[in-house]
Amino acid sequence: MEQKRTRVLIVGGGFGGVYTAMTLEKLLKRNPSVEVGLISKENYLVFQPMLPEVISGSIGILDTITPIRRLCPKTNLYTREVESINFTNRTVSTSAGVRPQPYQLEYDHLVIAVGNITSFVGQPGLAEHALPFKYLGDALLLRNRIIHVLEEADIETDPELRRALLTFVVAGGGFSGIEAVAELNDFVCAGTRNFRRIKPAEIRVVLLHSGPLILPELPENLARFAQKLLQRRGVEIRLNTRLAGATAESALLEGGDRIPTKTLVSTVPAAPNPLVAALPCKKERGRIVVNKFLEVLDHPGVWALGDCAWVVDHNTWQPCPPTAQHATRQAACLAKNLVASLREEPKQAFAFQARGKLASLGHRSAVADVFGFKLSGLMAWLLWRAIYLMKMPGFERKLRVSTDWFLDLLLPPDIVQLKIERSASFGREHFEPQEIIFRQGDRGDRLYIIIDGEIEIVKEEPGHGAKVLGRLGSGACFGEMALVNDNPRMATARTVTKVNLLSVDRGTFHALFAHHPPLRRMFQMLIDERLRAGADDWQPGARGARPK
């Protein structure tokens with residue numbers, strides 16, 4: 001009779017989860033009595049410290065990632081989303097695969113390493129119009145956006161729109177924000193040399209930071225060096241300034257100021273993972289409380305580490321910051337304690353003294369605080385590259401990255417835009433009061449449905465100025481006339497209050513209009529009524545509409 005195997009299940013494919021699996025493989029070697037599984041929504045590990053360099057193209061897009069199957073060849077990998085964890089039944093439920101059936105995995109020991117998520121709660125319009133910067137896809141999307149707006153600005157004749165296209169705003173003065181804005185600034189300044197109609201003086205890069213000094217994690221003299229260096233390179237730094245929201249046209253600041261821009265990057269602090277919030281265990285500031293051995297309190301066989309865990313360092317008695325170097329050290333400690341638990345051996349308390357902090361400032365400059373030694377400039381940049389190259393998992397990736405860095409010294413940056421994403425058929429948009437949704441004479445490209453708020457329809461009449469035809473409220477739709485008749489917009493739509501909209505693109509609208517007769521009849525009746533009322537995009541008496 002085959003002996004029952006002990007099932008160790010790791011949830012999360014970041015540094016904490018992957019390095020736990022790697023250490024378990026080394027400690028267990030070929031122990032047939034233990035089966036290790038890892039659930040990750042991606043089949044690769046992202047080396048996030050080098051993610052900003054994807055923006056400028058100084059390293060290849062795929063060179064920041066390593067296949068998990070190569071790092072953990074003896075671990076069963078499940079590329080699924082985790083939907084729920086049941087401590088009572090000791091099961092983890094995941095999303096369905098090719099077959100739409102529920103999938104459950106049982107465990108004897110569970111390691112939770114799901115990390116945090118990007119959250120824009122409480123900041124209107126950011127989810128719709130801001131670009132997050134946390135994952136590989138975010139870096140690629142930002143790079144494509146930068147190239148796209150440069151292409152548009154090169155042929156744009158409207159000076160106001162041109163200024164918005166050439167304005168880049170990054171919110172957040174921590175490590176992620178500083179490294180992102182530095183690479184973005186270098187890339188834009190170098191890339192403009194390939195655009196004949198764009199002058200370097202037209203580029204505006206703005207960094208928003210809520211505190212009095214950027215990089216608060218570093219000693220003050222290093223932070224001031226970084227701040228002055230970025231300012232010398234043309235980055236406009238606005239201190240004591242918070243990002244309050246966004247629209248399609250502007251970054252909204254606390255206090256009411258706006259910065260017209262088409263590129264807004266937000267590196268706001270992450271929020272706890274909803275999966276963690278649903279767990280019936282003790283938490284501190286949204287993170288799972290663990291003991292000194294990284295075991296979850298009151299739940300034997302359950303462990304947690306990384307950004308999702310409240311881990312107290314027993315050297316300093318302070319909670320560990322959510323950094324990669326702490327996650328990898330916690331992973332090694334947790335794996336050793338888990339194996340010790342299986343073998344009924346003594347466990348060790350987690351203790352780790354951070355060796356230092358480094359931040360790249362782009363263009364061969366950085367700041368570093370390592371073992372108490374403070375460096376800045378070229379030496380810090382060389383140290384930054386050396387340390388992170390050594391830390392990067394896998395010899396193959398080390399070779400690729402070092403080759404990319406060498407070629408980057410000799411060759412100009414690549415400005416190829418990879419249009420790999422499919423345009424959204426449906427989307428949400430946020431507007432502030434007195435903003436234009438579309439203008440009279442614009443091409444009809446989307447149908448709009450008001451989720452909440454109020455808009456007004458305005459028609460420009462030669463010799464008579466602007467005439468407000470009416471207002472539309474929650475539940476009303478507008479913009480269909482130009483889509484059906486393939487004519488320019490016959491009126492302007494602008495907001496009266498803050499407005500959230502659902503928009504449907506031209507292709508999707510035409511597919512529904514052509515193949516769904518009831519919907520077609522409804523829109524034809526709506527168009528007839530609006531024509532009789534003398535307004536293109538307003539219907540008197542409709543639900544949510546008020547005549548002027």
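Not measured: the values here are computed from a predicted model.
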How far does [atom1] of [X] sit from [atom2] of [Y], to the nearest 0.5 angstrom?
X	Y	atom1	atom2	result
D138	R143	CG	CZ	15.5 Å
L51	I65	CG	CD1	10.5 Å
R7	N76	CZ	CG	12.5 Å
E81	E42	CD	CD	8.0 Å
D452	N500	CG	CG	4.5 Å
T79	I39	OG1	CD1	10.5 Å

What heavy-atom pair brings [X] and [Y] nearest, and what distance separates the two atoms?
X	Y	result
M50	I59	O-CD1, 3.7 Å
L252	L243	O-CD1, 3.4 Å
A21	T75	CB-OG1, 3.9 Å
I259	R238	CD1-NH1, 3.7 Å
V289	W310	CA-CB, 4.0 Å
G13	L38	CA-CD2, 4.2 Å

Subject >> CA sep, side-chain torsions, deciding dist, call: F175, L218, side-chain contact (heavy atoms from CB on, under 4.5 Å) >> reply: CA-CA 10 Å; F175 284 107; L218 288 176; 4.1 Å; yes
Original post:
Can the positive tip of R329 be found less than 6.0 Å from the middle of the six-membered ring of F350, inside 45° of the ring normal?
Top reply: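 Cation-pi check for R329 and F350: fails.
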**OP:** Please determine, by modelled atom types, if N31 and S33 share a side-chain donor-acceptor pair under 3.5 angstrom.
**Re:**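 Note: N31 and S33 side chains meet the donor-acceptor criterion.
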Subject >> Polar side chain donor-acceptor pair, E83 to S95, under 3.5 angstrom >> reply: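 Distance-only check fails for E83 and S95.
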With side chains defined as the heavy atoms from C-beta onward, is the minimum distance between [X] and [Y] less than 4.5 Å?
X	Y	answer
L213	L239	no
N144	L142	no
I147	F187	yes
L215	L222	no
N43	I68	no
F133	P52	yes
H209	P216	yes
L230	I178	yes

Where at least one partner belongs to [range], residue pairs that pass salt bridge (charged side-chain N to carboxylate O under 4.0 Å, His left out), sequence neighbours excluded:
range	result
residues 288-298	E295-K347
residues 211-231	E220-R224
residues 396-409	R70-E396, E396-R400
residues 118-132	E128-R428

Ignoring hydrogens and geometry, is there a side-chain-to-backbone donor-acceptor pair from [X] to [Y] under 3.5 Å?
X	Y	value
S402	L399	yes
T20	V18	no
E254	A244	no
H129	H430	yes

Original post:
Under the side-chain contact (heavy atoms from CB on, under 4.5 Å) criterion, do L105 and T91 qualify, and how do the steps go?
Top reply: CA-CA 6 Å; L105 293 168; T91 59; over 6 Å; no
Tell me, please, which residues at least two apart from [X] pass salt bridge (Lys or Arg N to Asp or Glu O under 4.0 Å).
X	answer
R385	E53
E35	R5
E179	none
K134	none

**OP:** Go through the steps for V290 and L297 under the test side-chain contact (heavy atoms from CB on, under 4.5 Å), then give the verdict.
**Re:** CA-CA 6 Å; V290 297; L297 303 181; over 6 Å; no
Original post:
side chain to side chain donor-acceptor pair (under 3.5 Å): which pairs involve residues 357-378, sequence neighbours left out?
Top reply: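 Listed by first then second residue: nothing to list.
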Original post:
Pick from V8, N291, N337: which one makes a side-chain contact (heavy atoms from CB on, under 4.5 Å) with W303?
Top reply: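 One option only clears the test, and that one is N337.
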Original post:
Heavy-atom count around R233 CZ within 6.0 Å, excluding the residue itself: above 12?
Top reply: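 Atom CZ in R233 is crowded, with more than 12 foreign heavy atoms closer than 6.0 Å.
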**OP:** Return yes when atom CZ of R343 has more than 12 non-hydrogen atoms of other residues, nucleotides or ligands closer than 6.0 Å, and no otherwise.
**Re:**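 Yes, enclosed.
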Subject >> Residue list, ring-ring contact (aromatic ring centres under 6.0 Å, His included) with Y107, at least two apart or on another chain >> reply: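 By the ring-ring contact (aromatic ring centres under 6.0 Å, His included) rule, Y107 matches no residue at all.
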**OP:** Kindly write out the residues that satisfy ring-ring contact (aromatic ring centres under 6.0 Å, His included) with W384, not counting sequence neighbours, or none if the list is empty.
**Re:**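 ring-ring contact (aromatic ring centres under 6.0 Å, His included) list for W384, sorted by chain: Y388.
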Original post:
When you check the gap from the basic side-chain N to the acidic O, do R90 and E106 get nearer than 4.0 Å?
Top reply: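 The answer is no: the pair does not qualify as a salt bridge.
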Subject >> Residues V401, T403; criterion side-chain contact (heavy atoms from CB on, under 4.5 Å); working and verdict >> reply: CA-CA 5 Å; V401 168; T403 302; over 6 Å; no
Subject >> Residue pairs, two or more places apart or on separate chains, that pass ring-ring contact (aromatic ring centres under 6.0 Å, His included) and touch residues 66-95 >> reply: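 Sorted result for residues 66-95: F87-H299.
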**OP:** Applying side-chain hydrogen bond (donor to acceptor under 3.5 Å, both in side chains), run through S93 and Q104 and close with a yes or a no.
**Re:** CA-CA 4 Å; S93 298; Q104 278 194 343; 3.3 Å; yes
